[in-house]
Each structure stands twice: as C-alpha cells, then as structure tokens.
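Beneath this line is the structure, given in structure tokens, with notes to follow.
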Amino acid sequence: MRSEEIVGSLERRYLTDLLQKGKRIDNRGFFEGRSIQIIPNVIHKAEGSAMVKWGNTVVVAGVKTSVGPPFPDTPNQGVITVNLELSPISSPTFESGPPGPDAIEMARVVDRGIRESHVIPMMHPQMCIIPGKLVWILFVDIYILDDGGNLIDASALAAMAALANTRINKVKINEETEEPILLEEMDPLPREGSVVSLTYVKIDDFILYDPSLAEDRAKIARFSVGIADDGMICSMQKGESGVFSEEEIITILEKATSRAKELNKIIDESSFLNEGEMFQFDF
Amino acid sequence: MRSEEIVGSLERRYLTDLLQKGKRIDNRGFFEGRSIQIIPNVIHKAEGSAMVKWGNTVVVAGVKTSVGPPFPDTPNQGVITVNLELSPISSPTFESGPPGPDAIEMARVVDRGIRESHVIPMMHPQMCIIPGKLVWILFVDIYILDDGGNLIDASALAAMAALANTRINKVKINEETEEPILLEEMDPLPREGSVVSLTYVKIDDFILYDPSLAEDRAKIARFSVGIADDGMICSMQKGESGVFSEEEIITILEKATSRAKELNKIIDESSFLNEGEMFQFDF
Amino acid sequence: MRSEEIVGSLERRYLTDLLQKGKRIDNRGFFEGRSIQIIPNVIHKAEGSAMVKWGNTVVVAGVKTSVGPPFPDTPNQGVITVNLELSPISSPTFESGPPGPDAIEMARVVDRGIRESHVIPMMHPQMCIIPGKLVWILFVDIYILDDGGNLIDASALAAMAALANTRINKVKINEETEEPILLEEMDPLPREGSVVSLTYVKIDDFILYDPSLAEDRAKIARFSVGIADDGMICSMQKGESGVFSEEEIITILEKATSRAKELNKIIDESSFLNEGEMFQFDF
Amino acid sequence: MSENKNATLLENGLRLDGRDLHELRPISMKTGVLDRADGSCYLKWGNNKILCAVYGPRELHPKHLAQPDRAIVRVEYRLATFSVNERKSPAPRRREYELSKIITESLNHILFLEKFPNGTIDVFITVLDADGGTRCAALTAASLGLADAGIPMKGLVTGCAVGKVEDKIVVDLSDVEDKDGQGDMPVAMVYNTGEITLLQCDGKFTAEEITEGLKLAKEAIGKIYQMQRRALLAKYSQIAESYDEDEEEE
Amino acid sequence: MSENKNATLLENGLRLDGRDLHELRPISMKTGVLDRADGSCYLKWGNNKILCAVYGPRELHPKHLAQPDRAIVRVEYRLATFSVNERKSPAPRRREYELSKIITESLNHILFLEKFPNGTIDVFITVLDADGGTRCAALTAASLGLADAGIPMKGLVTGCAVGKVEDKIVVDLSDVEDKDGQGDMPVAMVYNTGEITLLQCDGKFTAEEITEGLKLAKEAIGKIYQMQRRALLAKYSQIAESYDEDEEEE
Amino acid sequence: MSENKNATLLENGLRLDGRDLHELRPISMKTGVLDRADGSCYLKWGNNKILCAVYGPRELHPKHLAQPDRAIVRVEYRLATFSVNERKSPAPRRREYELSKIITESLNHILFLEKFPNGTIDVFITVLDADGGTRCAALTAASLGLADAGIPMKGLVTGCAVGKVEDKIVVDLSDVEDKDGQGDMPVAMVYNTGEITLLQCDGKFTAEEITEGLKLAKEAIGKIYQMQRRALLAKYSQIAESYDEDEEEE
C-alpha cells in the first residue's frame with residue numbers, strides 16, 4: 001500500500017506537469033478516445049456475447065436468457081439484471097470474492113443506461129410469455145479481463161454489443177396443458193436503438209475524456225453520462241471526492257453528445273459482423 | 001478495550017458503593033422503573049409501528065405484513081417473525097453486520113413473549129386466507145436507536161405497541177379464479193390482550209429492576225420475565241455468568257407480577273392515541 | 001503452526017525410517033487394513049444411519065428423505081446430495097464454519113462413488129412420485145467425530161451403510177386432488193449392490209493402504225478408488241502434491257480390486273444386523 | 001423510470017400533493033438527538049424520516065485499513081426493513097452499497113481528513129421511513145451530524161433531487177413522481193461555492209433540461225442550506241440559553 | 001407451546017411413554033470417548049444422543065480476542081442435520097446461537113478462568129439425535145467433558161427441564177410433551193450450592209407453578225448429578241484399574 | 001455419467017463431431033495476452049475458451065498464512081456465469097472449489113516453492129466458454145501462464161481427459177460424450193518424466209480400461225506438450241524479433 005501510494009503521488013505529478021503543457025501520457029487530445037474493437041458472439045454457450053478491447057482494457061459480456069415469473073408490479077414485462085466482476089485476472093489490485101462497492105457501482109451505472117434508454121423494450125409483447133406468470137429474464141454478466149482504464153465505458157459497450165446479438169427461443173403454447181414450450185428456433189431479442197457511456201475525469205483542473213489506467217488512478221473526480229442514439233441523456237453518475245462546477249458539467253454534456261453519435265454507430269456496425277474469433281485480437 | 005475495561009471496573013465499584021448505601025446512580029428505588037413514552041404509528045410505510053423512549057433508551061419497531069404459505073405442521077395459522085438489530089447508530093460499541101448472539105437472544109426473548117402469550121392469535125380465522133396455502137405473515141423488526149440500558153424491555157414494549165396498531169388488508173376471493181385479492185381497506189390485526197417484559201439485574205448481591213446503561217454494564221446476572229395482562233408468566237430468560245438462588249427468582253417473580261399490571265395498561269392506552277409525531281420526543 | 005510443523009517433519013522421518021525397515025507405526029502390513037465396526041440405524045430421527053469405527057476414526061452418516069421437484073434434465077429421477085463436515089469435535093485442527101476445500105473434496109469423492117456405481121438406482125420407478133413434478137430427495141450427511149486417519153474410506157463406508165438401511169414412505173395418490181400422500185408405512189430404499197472406497201498413500205517411495213493419522217499427516221500423495229461389488233471401478237481421485245507413476249497406479253488398482261471384495265461384504269452383513277446401540281462401541 | 005406513460009402526475013399545473021413545480025415538501029431537522037453518538041441528526045422531509053449518527057474521529061480497527069496521512073470516512077446508508085412498500089431483507093442491497101459510496105465521496109470533499117491521521121469518521125444513516133429523495137435527504141442529514149459532532153468542515157453539503165414529470169422539470173421529486181415520472185436527478189452541492197459533490201440521473205433528459213435542472217436544484221439547495229444553518233444555530237442558542245440559565249442560578 | 005389444546009398427553013396419571021409425572025427418562029453418560037479431544041463425553045438421555053468435545057485451555061486465535069486477565073470460553077451447540085424431523089440446513093440457526101450463548105454463560109460460572117490469561121477453552125457439542133430437552137442434556141454433557149479434560153472447576157453444572165402438561169408440572173419433558181404441552185422450563189444448577197446458572201421458560205405458568213417447577217427440577221438435578229459423579233468415578237476407577245494392571249505386569 | 005444407455009455417440013466408428021477415437025479437438029494457445037498480469041495464457045480447445053493470469057511470486061497477505069520456508073500457491077478455477085448451458089450463479093460452487101484444489105496440487109509439484117519463502121504465487125483461471133474437459137485445459141493453460149511469468153519450474157504439466165463411450169476408450173471427451181458417455185477420466189502429467197500429477201475418474205471402468213486410458217492419455221499429453229512448447233517458443237521468438245527490430249532501429 002505505502003509504496004503504491006508514493007508511486008501514485010509521483011505519477012499524479014508527472015501527469016499534471018504533462019497536462020499543463022497540453023499533453024496526455026499517450027499523446028491523445030484531451031477529448032480524444034482510444035481505439036475500440038468489438039467481437040460479437042464470442043461465447044458459444046451464451047445467448048448473446050461480445051468482447052471489447054478499448055485501448056488496453058479488455059472486457060467480455062455474456063447474456064444468458066431464461067424464463068421465470070415477472071415482478072408483481074410489472075406483470076407483462078421482462079426482467080434484466082446486470083452484474084459486473086472486477087476479476088482478479090484483470091489487475092494485481094483486484095481480489096476475488098463477491099462484488100465490492102466499486103464493481104456494484106459500475107454494474108448499476110451500466111444497468112441504468114440500458115434500463116432508462118429502453119433500448120431493450122421490456123414491455124414488448126415478445127418479452128412476456130404468459131402475462132403475470134412467465135416472462136423472459138436476461139442476465140447480462142460483465143467480466144473485466146484486463147484493466148487499462150475507463151472500465152465503465154468499455155463495460156457499457158460490451159453489454160450493449162452483447163444484447164445486440166442476443167437471441168431468445170421462439171415459444172409455442174401446448175394447446176392441451178396450456179404450458180409454453182421453448183422451441184429450438186430463435187429470434188433476435190427485441191431492440192430499439194442503442195446507448196453508450198462516456199466518461200470524463202478531472203485531474204487537477206483539467207478535464208479529459210476516456211481515461212487511461214494512469215489517468216484513472218490520478219483522477220480526483222469522474223463523470224459518466226449515458227446517451228442513447230436519439231441523443232437523449234439517460235444516465236449520469238458523478239464519482240470520487242473531487243467536485244465539478246455547473247459550467248464544467250454543461251461543457252462535458254456538449255462534448256459527450258457529439259462523441260456519443262460516433263460510438264452509437266459502432267454498435268450497429270458490430271452487430272452485423274460475422275461471428276468473430278478471439279484470436280483476431282492481438283491482446 | 002483495555003481502557004474501557006478499566007473504566008468498567010471503576011464504574012462497577014462506584015455503583016456497588018452506592019448500592020450498599022441503598023442508592024442507585026439515578027436516584028431510583030431498586031424496583032422503580034424509568035419514565036416511558038410511546039408514539040404509535042410512527043412509520044407511514046409500515047402496517048404497524050411504534051417508537052418507544054424508555055429512560056434514555058430509544059427503540060423503534062415496525063410491522064410489515066405479507067401473504068405466503070403456512071408452515072406444513074400449522075396449515076391454518078399465520079406466521080410471525082421477530083428480528084432485532086443493535087444498530088451502530090445506538091452505541092459506539094455496536095458494529096454493523098448480521099445480528100450477533102446478543103441481538104439474536106434479545107429477538108428470541110421478545111418473540112417468545114409474544115408467541116407464548118398468544119396475544120396475536122395465530123389460529124384466528126382472519127390469519128388464514130386459504131387453509132394450507134395462504135396465510136398472513138408478520139415481520140416485526142426492531143431497531144435499537146439509542147442504547148440507554150434495558151434493551152429487552154424497551155424492545156418488547158415497542159414490538160407489542162407496534163402490533164397493537166397493525167392493520168391487515170381485507171381479503172376478497174375472486175369467484176372465477178378462486179384466487180384471493182387484497183383490498184385497499186384494512187382491518188386491525190386480531191389481538192387478545194398484551195404482554196410485557198420485565199428485566200432485573202444483579203450487581204454484587206443487589207437486585208435491581210430496569211437497569212440503566214451503567215447498571216447494564218456492571219451486572220453479573222440478568223433475569224427477564226414476560227408477563228401477559230392476565231398475569232400469566234409466558235417467558236423467562238436468565239442471562240450472563242452470574243447466578244440466582246431459588247429465593248431470588250421467587251422474589252423477582254412477585255415484584256414482576258405487580259409491575260406487569262402497570263405496564264400492560266400503558267400498551268392499551270397507547271393504542272388509542274392519535275398518530276404521533278416523532279418530534280414530540282425530546283430525544 | 002511452527003511447532004506443529006517441526007513435529008510433522010520429525011514424525012515423517014520416524015515413519016520413513018520404519019518403512020525402510022518394512023514396518024508401519026502400528027505394525028500393520030503395507031496393504032493391511034485396520035479393524036472396522038459398523039452400527040446401523042444408530043439415529044432415531046434419521047431415515048437411515050450408520051456409525052463406523054475404522055481404526056481410531058469414528059464417523060456417523062445420516063440420511064434424511066424428503067420429496068421435491070426433480071432436476072429439469074432428469075424429470076423421472078430421484079436426487080441425492082452428499083455433505084461432509086470435518087467437525088471440530090474430531091480434531092484440534094478443524095474449525096467450525098462452512099465446509100472448506102478438504103471437506104468439499106471428500107464429500108464429492110464419496111458422492112461420485114455412490115452416484116457412478118448406481119447402487120441407489122435414481123431411475124427406479126419408486127424414486128419418482130409424479131414424473132417431472134415430485135421425486136424423492138436424499139440428503140446424506142456425514143460427520144467426522146474422531147479423526148484417526150483415512151477419513152475418505154470411513155466416510156464412504158458410513159454413507160453406504162446408512163443408505164443400506166434407509167427407508168422411504170409408501171405413497172398413495174389422493175384420487176380426487178391427484179395429490180400424493182406420504183403414508184406412515186415405509187419401504188426400504190431401492191438399492192442394487194454396494195460400493196466402497198479404498199485409499200492408498202505414498203510416503204517417500206512407499207505405498208500404503210488405509211493410512212493411520214500419522215501416515216495421513218506424512219503422506220506426499222494420496223490415491224482413492226471407489227469399487228462396486230461387481231468389481232467395476234466407479235471413481236478415482238488422486239490428491240496432494242506428490243505424484244504416481246503409471247505402474248504405481250496399476251499396482252494399486254490390482255490390490256484395491258481384491259481388497260474391495262472383502263469390504264463390500266461387510267456392508268451387506270451390517271445391513272442385516274439388528275439396530276445397534278452406540279455404547280457397544282468402546283470409543 | 002417507468003415505460004408507462006399513462007400516469008397523470010400534474011393537474012392544473014399542480015403536482016398530486018398540491019405543490020407547485022418548484023416547491024419543496026415540508027422539511028425539518030434537528031441535531032443532537034442521540035445520547036450515545038458523538039453527533040447526530042434527525043431529519044423529516046415529506047414522509048421521509050432519517051436518523052444519522054456520527055462517531056469520531058476515532059481510532060480505526062482493523063489497523064491495516066488505517067491511512068498514515070489522513071482519516072478515512074465510512075458511511076453506511078441503510079433502509080430499515082419496514083421503510084419501504086415491500087419488506088426489505090435486513091442484508092444491504094446493491095443500491096444501499098452504491099448510495100453509501102457516493103455519500104462517502106460527497107462528505108470526503110468537505111472534511112479536513114489530513115488532520116486526523118490513522119483515524120476514522122463513521123457515519124451511520126438509517127432511513128426509517130422512505131418517501132422519495134432519500135439519498136439527498138440522507139446526505140443533508142449526515143452533513144449536519146458531522147457538524148454536530150464538532151468535526152472541522154470546509155462547509156456544509158446539501159442535497160435535493162429534481163426530476164422530469166410530464167415534460168416539466170420539477171423540484172424535490174416525491175415517491176410517486178420518482179416511480180411514474182420521466183426522470184430523476186439527485187444533486188448535492190456546497191451551496192456557497194457551487195461545487196457539485198453528487199450528481200446522478202436516470203430517465204430521459206435533453207442537455208437543456210439538465211441545465212435547467214441544475215439551476216433549479218441550486219435554488220432549492222439554497223433554501224435547504226438555510227434550514228441546516230438554522231438547525232445548527234438552534235443547537236448553539238440552546239447551549240447559550242442553558243449557559244444563561246446557569247448564570248441565573250448563580 | 002402449541003395453541004392446540006386437544007392433544008392428550010396423560011392417561012391414567014401416566015405420561016405417553018409410561019413415566020410417572022416426576023420420573024426421568026433413562027440416562028447414561030460416558031467420558032473420555034474421543035481420542036483427539038482433550039476431554040469428551042457421550043450422553044444418551046431418552047433418545048437424545050449428544051457428543052461433546054473439549055479443547056484447552058489453549059492459546060486463543062485471533063489474538064485480539066484474548067483477555068489479558070482470564071481465559072474465554074467458546075461453546076458451540078449444534079444440531080446434526082439429521083437429528084430432527086425435517087432435515088436441518090448445516091448452517092447454524094438462531095436457536096443454536098442462543099443456546100450456545102446461554103450454555104457458555106452457565107459454564108463460565110464454574111470455571112476458574114482467571115487461571116488461564118489469554119487462553120481459550122473450547123467446547124463443541126453436537127446433538128446427533130434430538131428428543132426434547134437437548135439444551136439441559138448438552139450442558140450436563142459439557143460439564144463432564146470439562147471435568148474429563150482436567151480443567152479445574154468450582155463444581156459440576158447439571159440441567160433438567162420441567163414442564164406443564166394438562167395443568168400438571170412434570171419432570172424431564174419429552175419431545176412430544178415439549179411440542180404439544182403447555183409449557184417448558186429448562187433449569188440448570190450447581191446442585192451442591194443450589195445456584196441457578198440457567199433458567200428459561202416458554203408457555204403459560206403461574207408464579208406458583210414456577211416455584212413448584214424449580215423444586216422438582218432441583219430434585220431431578222440431584223439424581224442426574226449423582227450419575228455425573230459416577231461417570232467421573234468410572235473413569236478414575238478405570239485409570240486405577242489400569243494402574244493396577246501395570247503393577248501386576250511388573 | 002448418465003444411467004441412460006440409449007444415446008448414440010459413435011457412428012461408423014467415428015464420434016459425433018467426426019473425430020477418430022483417439023483424435024484431439026483443435027487446440028490453440030497463446031501466452032502474454034494480458035497487460036496487467038505477470039504471466040498469462042489464453043487457450044482454446046474445441047469450444048472451450050480459457051483465460052489464465054498469474055501473479056507472483058509476491059508478498060502474501062494476510063501474513064499469518066505465510067510459510068517461512070516456502071511460497072504457497074493459490075489457484076482459483078472459476079466458470080464464467082455464461083460459460084455453461086444454464087446460467088451459473090457468480091458464487092463458486094463445490095465443483096469449482098474441488099477443481100481449484102486439485103489444480104493447485106498439480107502445480108505445486110512443478111514449482112520450486114522453497115525459493116520464495118513467505119511468498120505467494122496466485123493463479124486465476126476463468127473458463128469463459130465450457131465444452132468438456134475444462135479442468136485439463138485449465139491446468140494446461142495455468143502451466144503456460146506460470147512459465148510466461150518467468151517462474152522457475154521443474155517442467156510443464158499437461159492435461160487431457162480420456163473417457164469411455166459405447167465400451168470404447170476415447171481421447172479428449174467432448175461435452176456431450178462427458179454427459180451421455182460411460183465414463184470420464186481426466187489425467188495430467190509431467191510428460192517428460194511420466195509423473196502423474198492429476199488423476200480422477202467417474203463412470204464404470206475395468207482395471208484394464210484404466211490401464212488403456214492411461215496409455216492413450218499419455219500419447220495425447222505428448223502432443224499437447226509439444227503445442228505448449230511451441231507456444232512458449234513463439235513468445236521467445238517474438239521477443240527475439242523485437243530485439244532484432246530494436247537493433248535495426250539503431
């Protein structure tokens with residue numbers, strides 16, 4: 001801990017010195033993102049999946065589908081659950097065990113983006129098999145595999161891309177027993193558009209988009225915003241002990257709205273790729 | 001720990017010296033209780049609730065009701081569950097987390113008083129919606145908010161007072177589906193009388209009713225007895241490593257029986273108060 | 001820990017010196033087992049049970065039966081679950097709490113022997129009450145009571161002997177409601193033969209059957225094999241960081257196959273004993 | 001936010017509870033309500049009832065968590081089991097962990113943690129009755145609890161949610177507006193400096209609506225901040241009064 | 001206790017298992033039954049079967065729990081999963097935590113804990129077969145296990161439940177009397193001094209019935225105490241015998 | 001293994017996926033795939049996809065677990081929730097604990113643990129996609145991950161399952177053969193010495209079938225061991241190449 005903290009403080013000073021000269025550690029512009037690769041359908045056993053390499057960060061998301069009872073207050077709606085694991089595979093500082101507050105916050109931020117944008121329309125008739133009794137339940141599970149910074153945006157993209165290639169079984173009702181039968185044949189999961197996350201961090205007084213690992217460590221404040229392909233802001237999350245002014249938030253929202261357009265395009269492109277192979281990644 | 005223990009031993013000696021002069025730290029008689037205030041219906045979201053200020057001790061109990069399956073061996077009876085949390089709000093020595101042995105013992109002592117006195121008649125027809133299938137389930141949850149000593153008696157009183165103002169929905173059976181429908185309109189929970197807890201502690205050779213915080217810390221033995229409004233003893237619980245003689249127990253039971261009459265009156269008075277407001281407390 | 005390790009290393013050297021002289025610490029031959037006693041039906045509240053004294057090791061297994069839903073992929077089959085607790089009663093080095101990796105491994109090795117030998121035929125019509133809905137569920141719970149070495153073999157024998165005297169209720173179907181009723185009268189659990197476990201350990205280059213406690217502590221490798229009464233090998237489990245050669249494994253399997261014949265006889269003998277009384281044990 | 005657009009939340013320009021679009025619910029707060037805690041606050045906000053206890057700065061156990069150059073802040077935001085419509089299990093949910101985290105981060109900003117190396121400041125918040133907007137109410141109460149404990153602070157932090165209902169930005173979202181409305185946006189600030197310490201949203205907002213929401217939140221926060229100040233003054237005037245009484249007695 | 005008053009528990013003044021009102025079930029107990037434990041006891045009481053192992057005094061881990069002026073006692077009372085009608089989950093229930101606590105407190109009284117600073121005495125009790133009255137039986141066995149471990153004690157503690165059945169006070173409640181009767185009252189004492197170390201009840205009793213129960217419990221405890229003494233003597237006579245054998249061999 | 005004997009797993013002497021009885025599925029493996037880990041390996045084996053990260057030797061926390069004379073090895077074998085047919089709960093199951101244990105023991109054998117007193121070597125394995133034979137594949141990957149981390153080793157350990165299908169011993173059991181076949185027998189060896197570090201089976205085998213299985217397993221392991229060597233050489237040749245590039249740049 002101690003020696004890490006000293007490194008942390010030296011690293012922070014080094015980054016700040018660079019930023020004062022208008023430079024980032026990897027020579028990007030302050031609002032420039034890193035390269036992104038998506039491999040859809042990477043997991044055979046999952047009903048939907050995607051692996052994302054975002055800069056040095058690698059994330060995989062898988063969607064498993066099952067049928068079960070709806071929540072009592074939404075008897076005709078499907079159910080979606082997002083989990084995220086900061087796997088110890090991805091960083092020497094992560095430990096195994098149930099998700100801690102960091103992983104919980106990330107999962108909930110990704111979840112809110114998907115939920116509030118209604119990109120997966122839970123009220124769609126296809127989501128409900130028998131009203132009040134049986135609906136589709138989606139588990140979106142995200143594993144961080146290599147922590148290269150900006151885990152929220154990479155996770156949100158992997159989850160969105162996995163949902164974009166998710167299939168659910170066609171359902172037939174047995175006429176005698178009135179019980180539903182899941183057929184082998186599958187339909188695409190209903191989807192209306194897409195949503196992406198955009199994360200900005202503050203180091204000293206500088207605001208940067210898409211933090212690398214070093215910038216993630218040095219940040220004093222974080223602001224993530226989820227924006228749908230129709231330009232609507234669906235989620236915001238400020239994090240860390242530092243603060244923002246109203247003006248800073250307004251500036252970030254402007255920058256984010258324009259960047260979101262590019263990112264939302266990537267998802268629809270990826271969903272039409274053929275099934276990818278992981279070794280196409282040079283990770 | 002160490003310094004607390006030294007204080008503990010000094011405090012104990014101080015209390016003992018006082019007791020030898022026939023005095024308690026707050027000038028009460030050995031069998032005199034502290035002042036008690038009850039605010040019924042203090043929680044809007046609960047189906048029953050009460051806040052109790054007992055000396056310096058503050059406790060809140062809330063009752064939530066739901067419907068569910070009965071236990072297989074009591075197919076026509078409702079179900080009641082009592083939980084108690086020694087909230088870290090109430091004392092610098094309590095930690096958060098699942099209930100430890102102290103909280104579990106207190107919850108079970110309160111539970112036994114309610115259960116064995118049959119003040120909430122679980123076999124009452126109103127408690128059973130569909131025999132063998134659907135009965136009322138009551139969760140009585142007690143939170144200690146300020147630990148001023150004698151938590152058991154304050155908790156038992158809060159639980160009893162909360163049950164006294166608990167309401168359950170009227171139920172209609174849908175004639176077609178034969179499924180029950182909970183109506184908005186509510187009835188009072190069936191109740192037959194009341195039960196109170198009376199706790200005595202032993203410090204040196206002295207026996208005291210209603211221990212204050214300092215007395216609770218200095219006690220070598222504890223004896224709690226639950227007495228219903230018909231004078232029957234429904235529960236007893238001896239605690240701590242000290243001992244009692246038969247004669248001491250018999251003396252305590254005599255004292256307790258007479259004090260129980262007063263306490264059982266308080267509950268029925270409180271149940272007719274209008275909905276109180278917490279700020280009436282000067283706590 | 002430290003002083004235990006020193007003892008461990010001295011003990012290991014002492015055992016090795018003996019083994020080089022062709023001797024074991026209790027004068028047994030290298031492939032000679034210890035004495036075995038079985039008391040069947042030792043627990044009144046269990047539907048099947050047995051206590052086993054295997055050398056100095058004492059183990060009790062109890063079987064509880066209940067009815068519940070089958071697994072979706074085996075709708076007509078009963079369900080069996082084996083648990084094992086390294087009770088702190090049995091050794092100063094065991095701690096209470098949920099089973100750790102050692103207890104889990106032992107439970108799973110015992111489970112595999114029973115499951116793969118099909119001695120309890122899960123597809124037997126008696127195991128299924130209503131196809132797809134209601135089957136018999138068996139909980140086999142094993143408690144280690146005194147750790148004298150070779151816990152796996154003693155546990156497997158206790159579990160097998162407990163299953164051999166397990167009874168399940170006769171079932172009648174209520175003609176009106178079509179619901180099953182469990183009758184008081186009981187049938188023996190269906191059973192086809194028996195299975196036993198045989199454990200060999202390696203100390204230095206020596207291979208020994210049925211390790212005593214000291215040998216268990218000194219072993220560098222362990223090999224357990226489950227053999228049914230028809231001579232078939234149903235399970236194998238190599239344990240610890242030491243290694244075996246192909247030849248060693250083949251030799252062990254030969255020795256084990258012959259020893260298994262004797263052991264499988266013991267079970268059927270014990271299943272015809274009258275209900276035993278624990279005090280027949282001089283443990 | 002609900003996908004269901006049918007719920008009517010505004011009638012004749014007023015909200016279901018009769019409030020104007022920009023009107024706060026009744027709020028009251030009191031410090032020093034608990035005997036055993038070093039600082040405490042009880043806060044009512046509509047039907048929300050929130051109790052907060054503060055302990056510290058005190059020694060941190062286990063010691064390996066201690067920071068040699070500063071105190072740490074530990075916040076537990078919890079819902080009482082009976083504070084919500086369906087009884088909540090006593091074990092904390094993921095939502096409670098998240099809110100504890102963002103409240104911690106907000107409070108971190110206003111504390112001089114470097115003054116108390118190796119120490120901890122513990123803030124326990126229990127929502128006894130929940131009625132929408134509990135995180136902002138909890139943070140507002142925690143801020144007062146810290147002040148009541150006499151812990152040196154850069155300023156008070158104050159929270160208030162705004163939201164979107166029938167395409168209007170409204171102040172201080174109620175439980176039903178949170179459930180059936182179009183969006184929720186909790187905000188907390190140090191009012192005097194305008195520093196935003198907490199900001200979230202869910203629902204669907206345009207950037208302009210967010211901007212409007214921030215403006216309205218700041219106004220509301222200003223009013224609540226005045227209540228916080230009065231609550232603290234009430235405490236000190238009580239102390240002053242009893243001091244006067246002491247003198248009179250002499 | 002059941003609300004159901006219909007169960008018949010007495011016939012011709014005798015109990016369902018043929019006992020008189022004040023008669024104990026058959027009890028047997030044996031110490032030194034386990035190889036690995038420092039002390040142990042196996043006890044049968046009706047169909048109850050209870051095994052107790054004692055370790056210590058030994059060093060306490062983790063060390064921060066150690067008391068510099070005395071040993072602590074840790075007791076685990078557990079029901080085996082198969083010891084009851086419906087299979088119990090292996091995780092301890094609230095009842096098991098409560099009984100562990102009150103058994104600990106009872107044993108604390110008879111031990112000279114100040115002789116073993118920083119130490120622990122660990123008592124593990126497993127109920128293998130449960131038939132009513134397990135807590136008193138467990139405490140009785142634990143007391144013997146401690147003596148078997150050679151731990152210095154002020155005296156033995158002995159337990160026995162009394163109860164109320166068809167308005168009569170009866171001794172040593174059976175499983176069915178506990179379930180269908182009117183009240184259960186477990187008592188434990190140091191018989192020689194009459195000190196009550198454990199006392200509970202549930203059901204409905206008058207003060208007079210409690211007084212009668214205490215008297216009957218004490219009588220029963222006296223009988224069981226004699227069995228405990230015989231079990232200890234049996235051990236020492238065995239030791240003496242093997243000592244004699246040693247001499248003979250010489 | 002299934003009691004159901006009806007499933008057809010062989011047609012015209014070939015397996016359902018077209019393989020010969022003794023044929024391996026396609027296998028590929030790559031080391032150094034992760035930035036943050038000290039060593040790593042990604043392995044595909046049929047439709048199995050396994051990722052392994054190695055950290056260490058590093059200091060062990062908590063310290064009381066440290067061994068003064070050697071490092072310990074901690075292995076976590078985990079199935080991703082979506083790697084199997086029915087979504088797995090994130091909490092590890094008993095099977096995952098068992099496999100972690102036997103993989104640990106296998107790796108222990110090839111490491112010079114005494115070189116790193118008080119240290120730990122941590123091996124995290126996640127099965128992203130499971131298709132039968134994951135434990136052997138995981139062990140094969142872990143062995144490479146350790147080599148990639150530059151940890152000194154006595155040799156590589158290599159795993160491959162054999163099994164019994166329609167009374168034939170087959171190599172490298174697929175998911176469906178594991179489920180519907182007659183027996184599964186995972187084996188791991190240090191190929192050069194023939195030392196068996198892992199051996200299990202379930203199903204019904206004769207001793208002769210086990211002997212045949214061990215022989216076939218060894219042959220298969222020989223082939224996989226060559227792939228492991230090539231994967232390590234690929235890494236070093238890459239390093240050599242980039243070294244050449246460096247020179248060219250100069």
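We name chains A, B, ... by the order of the sequence lines, and we start the count at 1 in each one. Everything quoted here is computed from the prediction, not taken from an experiment.
Counting heavy-atom pairs closer than 4.5 Å to chain E, the top residue among B:Val109, B:Ile249, B:Asp73 is B:Ile249. Considering only heavy-atom pairs separated by less than 4.5 Å from chain B, the leading option among E:Ile196, E:Leu107, E:Asn108 is E:Ile196.
Of the two parts of B:Asp230, only the side chain, counted from C-beta on, holds a non-hydrogen atom closer than 4.5 Å to a non-hydrogen atom of chain E. Residue E:Leu199 touches chain B through both its backbone and its side chain, counting heavy-atom pairs closer than 4.5 Å. Both the backbone and the side chain of E:Thr197 have a heavy atom closer than 4.5 Å to some heavy atom of chain B. Heavy-atom distances place the side chain of E:Ile210, and not its backbone, under 4.5 Å from chain B. Residue B:Ile227: no heavy atom, backbone or side chain, is found under 4.5 Å from chain E.
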Quiz item: Yes or no on side chain to side chain contact (heavy atoms under 4.5 Å, CB included) for B:Phe139 and B:Ser66, after CA distance, side-chain angles and deciding distance?
Solution: CA-CA 8 Å; B:Phe139 288 99; B:Ser66 63; 4.2 Å; yes
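In this structure, B:Lys202 forms a cation-pi arrangement with B:Phe244, its terminal cationic atom sitting closer than 6.0 Å to the ring centre and no more than 45° off the ring axis. Both tests do not hold together for B:Arg12 against B:Phe206: distance to the six-membered ring centre under 6.0 Å, angle to the ring axis within 45°.
Ring orientation note: the planes of B:Phe31 and B:Tyr200 are tilted relative to one another, at an angle of 30° to 60°.
A donor atom on one side chain and an acceptor atom on the other are not found under 3.5 Å apart for B:Glu116 and E:Gln182.
Using a cutoff of 4.0 Å between basic side-chain nitrogens and carboxylate oxygens, B:Glu215 and B:Lys219 are not scored as salt-bridged.
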